[in-house]
Amino acid sequence: MTPDELTGLAARVLRLEAEAILALIPRLDERFAHAVEVMRCCAGRVIVTGMGKSGLIGRKIAATLASTGTPAYFLHPAEGVHGDLGMVARGDVVLALSNSGETDEVLAILPPLKRLGVAVVLMTGNPASTLARQCEVVLDVSVAEEACPMNLAPTSSTTAALAVGDALAMALLEVRGLRAEDYAALHPRGTLGWRALVRVAELMHTGDTIPRVREDALLKDAIEEMTRKRSRSVAAGEVAHACGMTTVVDMQGRLVGVFTDGDLRRLHLVGAVSPDLRAGEAASRDPKTVGADDFAAKALEVMEAFAITSLVITDQGGRPAGIIHMHDILRAKIV
């Protein structure tokens, strides 16, 4: 096949799978809401089960549920009928995946699940199947066509099932009120967890380390303050780099602007530097700020969005309470 033919084939696969997902949106109705409610009210755990490719998708759904605040695990149905059903207890909920709705191994575990009084939510491509008739909630995840050229290999159907599983997990995350801190607690050794846990207050420079001049100060005084106040590592107390900026405050100490190395260069380029120029006249007004309780990751996003390297943290009175530099965030590995 030529490169154009190969990319055309790939485009067809992506298009068919995207269309399969979009076709699910009109089918989102009270059954989806019912499935979310059944899983939310689960007193035990959500047991995800499925055979073959459906089972592989089920494992990922179980992992997503567990990582977003819904206790879940995967049960292989073939192993279930050989003793692993002992992991299922009253109060659990089963989320079963079967594209055909006639999977023998899944059908085999239904009777013992029913005896336990376990509710079963089914994701299937055949809402009129044998499995569907025996489940409390049935979600139609059928697709018009597999992306396989022979319309045989599970492709569009598994993508659709995975997407609905993600939708269930995200809906449960919302109704449970999972916060970023909760998510981080479930990922204590991961970068995601670290990013979510670190707040600006833990990294910002405070007190005498904050560069600060009055708006009526001479420009040379602002430059001296920028040079004198250097950013230090909060953790190690090591001198790291010059801040390259100073806050500019009014008579009451409220933030009115910032003056940076970049502002100084721009003034020189236009010949606007003079001995009697005041900091308030040279400062950039209404600077970008963040709160001490904001996540450090948010501060980094603001810096990247506006191409700046430092942010001011203000208190409730609008006075500078701290400074955070991009280097502080990078040093803390908030990337």
Side-chain angles (χ1 to χ4, degrees), residues 191 195 198-335:
T191 301
R195 281 175 59 96
V198 178
R199 295 185 181 274
V200 167
E202 299 174 55
L203 302 178
M204 71 185 191
H205 307 277
T206 60
D208 291 339
T209 65
I210 302 174
R212 186 185 344 237
V213 295
R214 288 256 298 272
E215 58 184 333
D216 58 354
L218 291 173
L219 184 61
K220 72 177 185 65
D221 297 326
I223 296 171
E224 288 176 0
E225 181 72 355
M226 290 165 55
T227 305
R228 183 168 56 250
K229 297 290 177 70
R230 302 178 69 85
S231 176
R232 296 175 180 271
S233 168
V234 174
E238 299 172 350
V239 174
H241 50 266
C243 282
M245 57 86 68
T246 182
T247 61
V248 180
V249 299
D250 62 13
M251 293 281 290
Q252 287 74 42
R254 295 180 299 239
L255 181 71
V256 296
V258 296
F259 181 70
T260 69
D261 287 336
D263 293 324
L264 180 60
R265 288 194 298 272
R266 283 186 286 273
L267 287 172
H268 271 291
L269 286 173
V270 297
V273 177
S274 64
D276 57 349
L277 186 64
R278 304 290 170 170
E281 299 171 315
S284 298
R285 298 281 172 156
D286 299 319
K288 301 297 177 185
T289 62
V290 289
D293 287 334
D294 286 334
F295 294 120
K298 175 185 175 182
L300 180 60
E301 290 172 6
V302 173
M303 292 180 191
E304 290 176 337
F306 294 95
I308 53 181
T309 57
S310 296
L311 288 172
V312 183
I313 298 88
T314 55
D315 62 18
Q316 292 183 342
R319 294 177 291 271
I323 295 289
I324 188 167
H325 195 280
M326 182 175 287
H327 292 175
D328 304 317
I329 300 175
L330 296 177
R331 187 183 301 113
K333 300 181 180 179
I334 312 299
V335 292

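The residues of the chain are indexed from 1 along the displayed sequence.
For the pairing with Ile210, the side chain to side chain contact (heavy atoms under 4.5 Å, CB included) check across Thr247, Val312, Thr246 returns one residue only, Thr247.
Gly291 and Asp294 make their closest contact through N-OD2, 2.8 Å (heavy atoms, listed as atom of the first residue, atom of the second, distance). Arg214 and Met251 get closest at one heavy-atom pair: NH2-SD, 2.8 Å. In this structure, Val248 and Ala283 approach most closely via the heavy-atom pair CG2-CB, 3.8 Å. Of all non-hydrogen atoms in Gly253 and Pro320, the two that sit nearest each other are O-CD, 3.3 Å. Met204 and Gly322 make their closest contact through SD-CA, 4.2 Å (heavy atoms, listed as atom of the first residue, atom of the second, distance).
Two residues are said to be in side-chain contact when any heavy atoms from C-beta on lie closer than 4.5 Å; Val256 and Arg285 meet this criterion. Between Leu203 and Arg331, every side-chain heavy-atom pair lies at or beyond the 4.5 Å cut-off. Side-chain contact check for Ile323 versus Thr209: every heavy-atom pair is 4.5 Å or farther apart. Side-chain contact between Phe295 and Leu300 is absent, with no heavy atoms from C-beta onward closer than 4.5 Å. Looking at Met226 and Leu264, their side chains never come closer than 4.5 Å, going by heavy atoms from C-beta outward.
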Please list, one pair per line, the donor and acceptor atoms closer than 3.5 Å that link side chains of residues 274-281 to other protein atoms, with sequence neighbours excluded.
unit_1, atom_1, unit_2, atom_2, d
Ser274, OG, Asp276, OD1, 2.9
Arg278, NH1, Asp216, O, 2.9
Glu281, OE1, Arg278, N, 2.9

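Residues satisfying the side chain to side chain contact (heavy atoms under 4.5 Å, CB included) test with Lys288, not counting sequence neighbours, are Val302, Phe306, Ile308, Leu311. Not counting sequence neighbours, the partners of Ala201 by the side chain to side chain contact (heavy atoms under 4.5 Å, CB included) test are Ala292. With sequence neighbours left out, Thr260 forms a side chain to side chain contact (heavy atoms under 4.5 Å, CB included) with Met245, Val258, Asp263, Arg266. With sequence neighbours left out, Gln316 forms a side chain to side chain contact (heavy atoms under 4.5 Å, CB included) with no residue at all.
Between the side chain of Glu225 and the main chain of Arg212, a donor-acceptor pair closer than 3.5 Å is present.
Evaluation of the salt bridge (charged side-chain N to carboxylate O under 4.0 Å, His left out) test over residues 307-316, restricted to residues two or more places apart or in two chains, returns Asp315-Arg319.
By the 4.0 Å N-to-carboxylate-O rule, Lys298 lies too far from Glu301 to be salt-bridged with it.
Taken from CD in Glu202 to CG in Asp328, the straight-line distance is 12.5 Å, to the nearest 0.5 Å. Atom CD1 of Ile223 and atom CG of Leu218 lie 10.5 Å apart (nearest 0.5 Å).
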